[in-house]
Amino acid sequence: MTRLPAGFGRIVAAALLTALCGCGASSAYGQTPALVLERTIVLKDVAGRIDHLAVDAAHGRLFVAELGNGSVEAVDLKSGAVLGRIAGLHEPQGLAYLPAQDELVVASGGDGSVRFFRAADLAPIGSIGLGGDADNVRVDAETGHVVVGFGSGALAVIDPTTRKVIVKAALPAHPEGFQLEGGRAYVNVPGARSIHLLDVTTGRQLAAWSNGWLNSNYSLALDPQAALIAVVYRLPPTLAILDVATGARRQTAATCADADDVFFDHKRRRIYVICGSGAVDLFEAAGRSYARLARIPSRNGARTGLFAPQLDRLFVAARAAGGNRDAAILIFRPAP
């Protein structure tokens, strides 16, 4: 009879458990997990849903849009201390940090405003009214312009120096996650069940790609080097990889539920999907496609976050929960 190696049964059992749960959060026998929870920063007196984040890597500051609390918080990443809070906002959703000006941009859905603050002390320095549901914010790396999705269907391009809208690009429904590259915007429009390609210098639509059998496309990431778009759908929970030039779908893969943020990690050729179901899904490039590497537990309802390649950290925002569990920022270190 063939004698099996010592511990073989435990190895098989661990492999079966990983296969059944689809998680692979950590590997047996001391192997480093693909994401390590390095630190938790507690956010006291923050109620309700947390939306998007922005980071100032040079000064080690993280900014948190506390939508349900009507506030934006600035956190020192070294000490974990709260540096300040902007209160009295109406559903703050999108944030962007402008390093050249050392300013913070806040888009609020409740009143449609885009407000500018000095990042150092969070003092207000200007605002623009877009008319309704100001949401995601991006900064054009080439021009320095601020781009905001808003209303029943548009992107506004804002000059942060004059704080004026210089271009408006129409869309058929409210825009959700979008990314900028080379004067173009790749935009999720779940209300129209499509992804749209816009020229942000003219506001002209260049293309529209149907979701097909997938629905509720809220999060989108862009890999210009590989010419790929990652879109995560909520119904059913699916990661789709698209060709950046044609919108052709190269691959789909099941993922965790209630995703609101997705990011490429170019260094490791990975994708991070942050899900309100209480997990972060990791996908890793395998040839011309992506395969799921691990499912890392986070917290229920923690569906927004930020991957900061300058700091090589993934931040996940967790809302307050029952049992005196405060809101928090979970800081994950990718490995290796």
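Keep in mind it's a predicted model, so treat the numbers as computed, not measured. Both backbone and side-chain heavy atoms feed into the values below; hydrogens, waters and symmetry mates do not.
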Ion pair check, [X] and [Y], cut-off under 4.0 Å:
X	Y	answer
D265	R270	no
R138	D140	no
D159	K164	no
R268	D312	yes

Spacing of [X] atom [atom1] and [Y] atom [atom2] [to the nearest 0.5 Å]:
X	Y	atom1	atom2	result
L330	I41	CG	CD1	10.0 Å
R333	R313	CZ	CZ	6.0 Å
N136	E176	CG	CD	6.5 Å
R249	T238	CZ	OG1	8.5 Å
I128	S113	CD1	OG	10.0 Å
D56	F63	CG	CZ	5.5 Å

Looking only at heavy atoms, what is the nearest atom pair of [X] and [Y], with distance?
X	Y	result
D51	P92	CB-O, 4.1 Å
L122	F117	O-CD2, 3.4 Å
D243	A245	OD2-N, 2.9 Å
P224	E181	CG-OE1, 3.6 Å
L180	A185	CD2-CB, 3.7 Å
Q205	L198	CA-CD2, 3.7 Å

Is any side-chain heavy atom of [Y] closer than 4.5 Å to one of [X]?
X	Y	value
P236	W213	yes
F178	V200	no
D260	R234	yes
L155	P175	yes
V75	I329	no

For the residue pair D102 / Y97, report whether a side-chain donor-acceptor contact shorter than 3.5 Å exists. yes
So does [Y] get a backbone contact from the side chain of [X], meaning a donor-acceptor N/O pair under 3.5 Å?
X	Y	answer
D261	G305	yes
N69	A47	yes
S277	A257	yes
D281	C256	yes

Please tell me whether L222 and F307 are part of a single hydrophobic cluster in this structure, the criterion being side-chain heavy atoms less than 4.5 Å apart. no
Please check if atom CZ in R325 has more than 12 non-hydrogen atoms from other residues, nucleotides or ligands closer than 6.0 Å. no
I'd like to know whether CZ of R193 has more than 12 heavy-atom contacts from other residues, nucleotides or ligands below 6.0 angstrom. yes
Parallel, tilted or perpendicular: ring planes of Y290 versus F264, cut at 30 and 60 degrees: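 The arrangement is perpendicular - the two ring planes meet at more than 60°.
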Working note: R269 + D223, criterion salt bridge (Lys or Arg N to Asp or Glu O under 4.0 Å); need CA distance, chi angles, decisive distance, verdict. CA-CA 10 Å; R269 300 187 67 205; D223 183 347; over 6 Å; no
